[in-house]
J.: 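Just passing along the structure, written as structure tokens.
Both counts, for ligands and for their atoms, begin at 1 and track the order of listing.
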Amino acid sequence: MHKPILIIGACGQIGTELTFELRNKYGAENVIASDIREGSEALMQSGPFELLDATDYSAVEDVVMHYEIDEVYLMAAMLSATAEKFPMRAWNLNMNSLFNVLNLAKEKKITKVFWPSSIAVFGPNTPKEDTPQNTIMEPSTVYGISKQSGERWCEYYHKKYGVDVRSVRYPGLISWKTMPGGGTTDYAVEIYHDALKKGSYECFLSSDTELPMMYMDDAIRATISLMDSPSEKIKVRSSYNLAGMNFTPKQMAKSIAKHIPDFEISYAPDFRQEIADSWPSSIDDSAARKQWGWEPRFDLDQTSAEMLKNLNG
Ligand SMILES: NC(=O)c1ccc[n+]([C@@H]2O[C@H](COP(=O)([O-])OP(=O)(O)OC[C@H]3O[C@@H](n4cnc5c(N)ncnc54)[C@H](O)[C@@H]3O)[C@@H](O)[C@H]2O)c1
């Protein structure tokens with residue numbers, strides 16, 4: 001039997017699907033979902049849930065001790081677009097929640113931590129194509145600064161205190177079970193909803209903005225596969241580059257038009273364009289592939305087919 005797992009931020013876009021998948025794999029009672037708010041009905045009914053503020057160390061510690069938690073997946077964060085509006089709140093949430101979990105691991109109250117980073121750790125001076133694992137990182141957003149600092153702290157806690165922390169730099173994630181939570185790649189989810197509801201979409205990024213993206217099933221598989229890998233295979237303790245597909249809004253519209261021929265897209269770039277322009281357009285994830293066997297399954301057309309089928313269903 002797998003030891004108990006705690007997911008913090010379980011009601012968000014990734015946390016919801018991660019909770020379902022881990023419950024499927026390890027049994028509902030072994031996976032404690034927690035968040036500062038309640039989630040979807042399906043999530044709330046699927047197993048144990050705790051209301052929990054990730055920035056409150058003693059509250060997190062209480063839940064960890066109560067359920068004898070072994071592994072924590074920390075998914076609570078303020079995402080890129082929202083963080084530009086509330087810089088100090090974003091820094092406070094993104095950093096303090098991470099310190100709380102890393103410190104619980106340092107004190108041996110938990111044995112393993114998953115914490116996600118993002119392609120937002122890169123900045124305008126990073127090579128844009130096939131961005132390497134190790135390269136210039138000068139993030140220009142509050143969110144990116146918090147993720148880059150988080151990566152440095154993860155590596156530090158691993159080296160200094162032997163904390164078993166594992167991380168991937170997720171690209172933009174596309175999913176249908178939960179709406180995205182205020183990121184720069186949210187258009188790639190909204191577009192499917194609007195395509196089905198209105199037959200058209202006004203995109204907040206320009207037509208040729210190419211960004212790395214991934215279908216949620218691939219992201220969840222990568223996450224669990226990294227956590228299941230033997231510790232000695234995990235050579236990168238900051239965060240792994242992780243790639244699925246790359247496309248522009250224009251290419252995405254074409255892919256949707258294969259299912260909805262009259263679909264129309266228009267463009268009205270807003271403040272998120274500048275954020276997107278500072279990020280890579282494609283990612284070299286060879287370290288993840290070599291070290292723990294990562295391989296994506298979904299391309300853009302498969303993603304469109306899955307999204308439209310499930311949202312229509
Ligand atoms: N979705 C993406 O495309 C993407 C891409 C790269 C990285 N990430 C990272 O993955 C993680 C999860 O992202 P997501 O898309 O699921 O985000 P989300 O915004 O959908 O979910 C975050 C969840 O955290 C919860 N939360 C906020 N403050 C909290 C607090 N103080 N205590 C407990 N819970 C709190 C929110 O209620 C929400 O349910 C984040 O670290 C994010 O930076 C996401």
J.: What protein heavy atom sits nearest atom 13 (O) of ligand 1, and how far away is it?
T.: I14 CD1, 3.7 Å
J.: Spell out, as yes or no, whether a donor-acceptor pair under 3.5 Å connects the side chain of R221 to the backbone of E295.
T.: yes
J.: Only heavy atoms of L52, strictly under 4.0 Å: list the atoms of ligand 1 that pass.
T.: 32 (N), 33 (C)
J.: Please write down residue, atom name and distance for the protein heavy atom closest to atom 21 (O) of ligand 1.
T.: G12 CA, 3.2 Å
J.: Do me a favour and list the nearest non-hydrogen protein atom to atom 1 (N) of ligand 1 with residue, atom name and distance?
T.: Q13 OE1, 2.9 Å
J.: For ligand 1, does R169 get within less than 4.0 Å through its side chain, its backbone, both, or neither, judged by non-hydrogen atoms?
T.: neither
J.: What residue and atom, counting heavy atoms only, is the protein's closest point to atom 3 (O) of ligand 1, and at what distance?
T.: L173 N, 3.0 Å
J.: Report the member of Y143, Y170, Y73, W115 with the shortest heavy-atom distance to atom 43 (O) of ligand 1.
T.: Y143
J.: Considering the heavy atoms of D53, write down every atom of ligand 1 situated less than 4.0 Å from one of them.
T.: 30 (C), 31 (N), 32 (N)
J.: CD of E68: more than 12 outside heavy atoms within 6.0 angstrom?
T.: no
J.: Under 3.5 Å between any N/O of L93 and any N/O of ligand 1: does that happen in this structure?
T.: no
J.: Relative to ligand 1, is A10 under 4.0 angstrom through side chain, backbone, both or neither, heavy atoms considered?
T.: neither
J.: Please work out whether any backbone atom (N, CA, C, O) or any side-chain heavy atom from C-beta onward of L79 is under 4.0 Å from ligand 1, and answer side chain, backbone, both or neither.
T.: side chain
J.: For Y187 and F247, take the angle between the two ring planes, folded into 0 to 90°, and tell me which bin it lands in: parallel under 30, tilted 30 to 60, perpendicular over 60.
T.: perpendicular
J.: Counting from 1, what ligand 1 atoms have a heavy atom of A54 closer than 4.0 Å?
T.: 30 (C), 31 (N), 32 (N), 33 (C)
J.: Only one of T185, T131, T126 forms a side chain to side chain contact (heavy atoms under 4.5 Å, CB included) with W279, so which one is it?
T.: T185
J.: Would you mind listing which atoms of ligand 1 come within a distance below 4.0 Å of any non-hydrogen atom of G181?
T.: 19 (O), 20 (O)
J.: Please work out whether any backbone atom (N, CA, C, O) or any side-chain heavy atom from C-beta onward of R37 is under 4.0 Å from ligand 1, and answer side chain, backbone, both or neither.
T.: side chain
J.: Would you say S117 contacts ligand 1, with heavy atoms under 4.0 Å as the rule?
T.: yes
J.: For F204, does the six-membered ring have the charged nitrogen or CZ of R272 within the cation-pi criterion, i.e. under 6.0 angstrom from the centroid and within 45° of the normal?
T.: yes
J.: Which residue, L311, N312, V189, L308, forms the side chain to side chain contact (heavy atoms under 4.5 Å, CB included) with W176?
T.: L311
J.: Under the salt bridge (charged side-chain N to carboxylate O under 4.0 Å, His left out) rule, what do E61 and K109 come out as? Steps first, then yes or no, please.
T.: CA-CA 8 Å; E61 187 184 31; K109 290 177 175 155; 2.6 Å; yes
J.: Under the ring pair (Phe, Tyr, Trp, His ring centres under 6.0 Å) criterion, do Y240 and W292 qualify, and how do the steps go?
T.: CA-CA 10 Å; Y240 280 98; W292 46 278; 5.5 Å; yes
J.: Take a 6.0 Å sphere around CD of Q302 and say whether it holds more than 12 heavy atoms from other residues, nucleotides or ligands.
T.: yes
J.: Taking atom 5 (C) of ligand 1 as the point of reference, which of P171, G183, S118 owns the nearest heavy atom?
T.: P171
J.: Going from CG on L22 to CD1 on I5, what distance comes out if it is rounded to the nearest 0.5 angstrom?
T.: 5.0 Å
J.: Counting neighbours of NZ on K112 that are heavy atoms of other residues, nucleotides or ligands and sit closer than 6.0 Å, is the number greater than 12?
T.: yes
J.: Identify, for atom 37 (O) of ligand 1, the protein heavy atom at the shortest distance, and state residue, atom and that distance.
T.: D35 OD1, 2.7 Å
J.: Regarding D301 and K258, does a basic nitrogen lie under 4.0 Å from an acidic carboxylate oxygen?
T.: yes
J.: For the rings on W153 and F99, is their centre-to-centre separation under 6.0 Å?
T.: yes
J.: Quick one: which of M75, E17, R89 has a heavy atom closest to atom 22 (C) of ligand 1?
T.: M75
J.: Looking at atom 41 (O) of ligand 1, what's its closest protein heavy atom, distance included?
T.: K147 NZ, 2.8 Å
J.: What atoms of ligand 1 come closer than 4.0 angstrom to any heavy atom of A77?
T.: 40 (C), 41 (O), 43 (O)
J.: Between A76, S167, A90, S239, flag the one that comes closest to atom 35 (C) of ligand 1 by a heavy atom.
T.: A76
J.: Please identify which atoms of ligand 1 are closer than 4.0 Å to at least one heavy atom of G172.
T.: 3 (O)
